[in-house]
Amino acid sequence: MLRIAIQSKGRLNEESLSLLQNIGIEVDAPKRKLLSKSQTFPIEALYLRDDDIPNVVQGGTATLGIVGLNEIEECGSDVNVLCRLGFGTCRLSLAIPKGEDYDGPAWFNGRRIATSYPNILRKYLESKNIDAKVEVITGSVEIAPAVGIADAIFDIVSSGSTLIANGLREVETVFESEAVLIANKHISPEDQVLIDDLLFRIDSETVSRGKKYLMMNLPNASLDEAIKILPAMRSPTVMPLATGDWCSLHSVIDAADLWTKVRQLKAIGAEGILVMDVDKIIL
Ligand code: PRT
Ligand code: ZN
């Protein structure tokens, strides 16, 4: 039986649970429960604060965990990162008051920088040979310059709106992060079989995320053009239609490209375009 540590509430909770659900693993959401056993896979979820997840996996209380890569880097945890999960995407950046002139990382020499990520920050400052004072604070880092605790901040940025709302400007991106699946370094052979199954399912889930399945009718004369517009996994599937010089074309595309591709396909004569969600792609 595997045990996977998941954030009990916060930014990664919902997407961690929906990832499990999408790969056929149902667990109860963390209401007042610390542990929840799945009825559909030999795994139980252990709900924790994200800060505790790296240590719990390193120590073996949980075999697996889902946590931001930023936490692993900050704690220097001795765990294996099995795969990136494509959600919880953010970056750790340096930001300064927006009115300041900025001429590169040397700006930080002799300045105070507020952060909850002192280890990642110190490593960066050392690599750039910068002598700055690191002020460790655990919450609301973005208000530090306004209240005079620091001259700059080093914090998580996602949309950037928190920085703008606090009169700050992002000047250096230091670390790119997203949610990752981590594992204890000592895995029994039985657990390894389960983990391999889990990774296979996650892989197909990751590949199919944000994909659309397109079907359309197309004049045969436009086929070469259409194949250039639709670079599918191998090449699009083409089937002749009963009537004359037309074919039916099927392909998988990135959802982000949908409307651009549809416009291009219409322009070369495509008709009856059907767009469908993709549930799973098993490569
Ligand atoms: O209670 P617990 O300790 O479990 O949670 P937490 O409050 O420590 O963490 P939580 O839930 O805020 O974040 C969990 C993880 O989500 C982080 O470790 C990151 O890996 C990831 N993540 C992704 C983020 C963000 N995006 C994010 N935007 N974590 C925090 N933020 C905060 C950031 O600190 C800043 O205050 O959002 C603000 C910036 O957002 P924008 O969109 O305004 O730039
Ligand atoms: Zn936390």
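Just follow the structure's listing: the first ligand is 1, and inside any ligand the first atom is 1.
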Worksheet item: For ligand 1, which atoms have a heavy atom of Ser159 less than 4.0 angstrom away?
Response: 41 (P), 42 (O), 43 (O), 44 (O)
Discussion item. Out of all atoms in ligand 1, which are within 4.0 Å of some heavy atom of Gly68? Include the element for each.
Written reply: 20 (O)
Which is closest to [atom] in terms of heavy atoms, [options]?
{"atom": "atom 24 (C) of ligand 1", "options": "Lys9, Arg49, Arg11", "answer": "Arg11"}
{"atom": "atom 18 (O) of ligand 1", "options": "Asn70, Leu92, Asp51, Val157", "answer": "Asn70"}
{"atom": "atom 8 (O) of ligand 1", "options": "Leu12, Asp52, Thr89, Asp50", "answer": "Asp50"}

Item to complete: Can you list, by chain and residue number, the protein N, O or S atoms under 2.8 Å from the Zn ion (ligand 2)?
Response: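 For the Zn ion (ligand 2), the protein N, O and S atoms that sit under 2.8 Å away are Asp50 OD1, Asp51 OD1.
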Under 4.0 Å between a side-chain nitrogen and a carboxylate oxygen: does that hold for [X] and [Y]?
{"X": "Glu170", "Y": "Arg91", "result": "yes"}
{"X": "Lys266", "Y": "Glu271", "result": "no"}
{"X": "Lys228", "Y": "Glu225", "result": "yes"}
{"X": "Lys98", "Y": "Glu100", "result": "no"}

Discussion item. Between Lys123 and Glu73, is the salt bridge (Lys or Arg N to Asp or Glu O under 4.0 Å) condition met? List the steps.
Written reply: CA-CA 11 Å; Lys123 218 196 259 175; Glu73 182 74 7; 3.0 Å; yes
Identify the protein heavy atom lying closest to [atom], giving its residue, its atom name and the separation to 0.1 Å.
{"atom": "atom 5 (O) of ligand 1", "result": "Gln7 NE2, 2.9 Å"}
{"atom": "atom 43 (O) of ligand 1", "result": "Thr162 OG1, 2.5 Å"}
{"atom": "atom 35 (C) of ligand 1", "result": "Ile156 O, 3.6 Å"}

Fill in: Pro54: which of Val67, Asp78, Val79 passes side chain to side chain contact (heavy atoms under 4.5 Å, CB included)
Val67
Item to complete: For a side chain to side chain contact (heavy atoms under 4.5 Å, CB included) with His250, tell me which candidate from Met276, Met239, Met216 qualifies.
Response: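 For His250, the side chain to side chain contact (heavy atoms under 4.5 Å, CB included) test succeeds with only one of Met276, Met239, Met216, which is Met239.
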Worksheet item: Purely on distance, is any nitrogen or oxygen of Gly10 under 3.5 Å from one on ligand 1?
Response: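 In fact, backbone or side chain, Gly10 has no N or O that close.
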Item to complete: Rounded to the nearest 0.5 Å, what's the gap from CZ on Arg169 to CG on Leu94? Could you check?
Response: 12.0 Å
Fill in: Stacked cation flag Arg263 on Trp259, 6.0 angstrom / 45 deg
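Pair Arg263/Trp259 does not count as cation-pi.
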Worksheet, complete the sentence: Here the pair of heavy atoms bringing Gly148 nearest to Arg112 is O-NH1, 3.2 Å
Practice prompt. Compute whether any side-chain donor of one residue and acceptor of the other, for Asn22 and Glu205, lie under 3.5 angstrom apart.
Written response: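 Yes, Glu205 and Asn22 have a side-chain donor paired with an acceptor closer than 3.5 Å.
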Discussion item. Tell me the contacting part of Cys90 for ligand 1: side chain, backbone, both, or neither, using a 4.0 Å heavy-atom threshold, strictly below.
Written reply: side chain
